[in-house]
Amino acid sequence: MDKNIDQIHKEALSDLARAIDIESIDAISTRYLGRKGIITQFLRNVSSLPVEERPLAGKKANEVKQILSQALADAEKKIKAQNLISDEGVDISLPGRKPERGSLHPVSRVMQEICNIFSRMGFDIAEGPEVETDYYNFEALNFPKDHPARDMQDTFFVSDDMILRTHTSPMQIRMMEKKKPPLRLIAPGKVYRCDSDITHTPMFHQVEGLMVDKNISFGDLKGILTVFVHQMFDDQTNLRFRPSYFPFTEPSAEVDIRCVICKGSGCRVCSDSGWLEILGSGMVHPNVFENVGYDTSKYTGFAFGTGVERIAMLKYGINDLRKFYDNDLRFLGQF
Ligand code: PHE
């Protein structure tokens, strides 16, 4: 045996210190630990040593073998990790940054949900212009010439005759002009009013509903709206129909639901009344039918209009309407 094991140990480690890639590490492994490797040979030759030297030489050689195997494995690991740093110095082993996933705006969600509920009951969905004529927004809907809603205070005027629609009700006229009864439709969309505070934004969303046929009664209106409220909130939600006034419906009713926050015992949201107003409704006024050429002796119908933001606020317990339009992703991401 020409070299003693301590010397072999030293040489192997200095070879390893110079190794710069996986190939040179493999070569060292073969050179020392391979079938014909230096350490392997050394172990094989232990038996030819004088008897008294054998135990110590064998033990030492096995230790060196182990130390070298470990050092080779460590060096390989280190080189592999270095290879994950690209030429530009980017660590390609780091997990990537997840792209932010968008979500539907709560107003869109609620709007879709309203549309789905009415679709299931056989209502068609119709959309129409946001810039409207005075005729469709007011005149055809039986608004008297001096009605306060026609005032600049409430309505955005584009010109003397053109306005931004103040409600989705003009869609009643547009659809009835196009189609003869029976008619069952909803019209979702943006509406505009010159108003801005905690409970009003100058633009908001409504969903209009209209059903016309022979023998449509106030009972049908109550039935359809009850199903709607039960599906939108839950089937324990009570409703009440409160007499009201709209120029285009007669009789008219506003619909309240039992306060979803306090369940009727009275709280800040319902101003201690236990009820929350969620929509306007009524039987289509005969003057409106006459404006679209429907035979009032043959047909009756009901209409309703609901504020989408209001329903979204109640459904999700949001207390400030303006939050919907701040577009703060921390708020919007919750839906
Ligand atoms: N257009 C009315 C509003 O904006 C709501 C309504 C629609 C009332 C249909 C009755 C029938 O307040």
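Since the model is a prediction, treat every value here as computed from it, not as a measurement. Order of listing sets the numbers, starting from 1, for every ligand and every atom in it.
- In summary, Lys315 and Glu113 engage in a salt bridge, as defined by a charged side-chain N under 4.0 Å from a carboxylate O.
- No donor-acceptor pair under 3.5 Å is formed between the side chain of Ser271 and the backbone N or O of Cys267.
- Between Asp15 and Arg31, at least one side-chain nitrogen of the basic residue sits less than 4.0 Å from a carboxylate oxygen of the acidic one, meeting the salt-bridge criterion.
- Below 30°, between 30° and 60°, or above 60°: for Phe324 and His105 the angle between ring planes is between 30° and 60°, a tilted geometry.
- Sequence neighbours left out, the pairs with a member in residues 297-309 that pass side-chain hydrogen bond (donor to acceptor under 3.5 Å, both in side chains) are His205-Glu309, Asp295-Ser297, Glu309-Tyr325.
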Starting from the N and O atoms of ligand 1, collect every protein N/O partner closer than 3.5 Å and put each pair on its own line with the distance to 0.1 Å.
| unit_1 | atom_1 | unit_2 | atom_2 | d |
| --- | --- | --- | --- | --- |
| ligand 1 | 1 (N) | His167 | ND1 | 3.0 |
| ligand 1 | 1 (N) | Ser169 | OG | 2.9 |
| ligand 1 | 4 (O) | Arg193 | NH2 | 2.9 |
| ligand 1 | 4 (O) | Gln206 | NE2 | 3.0 |

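- In this model, no donor atom of one side chain and acceptor atom of the other lie less than 3.5 Å apart for Gln236 and Arg258.
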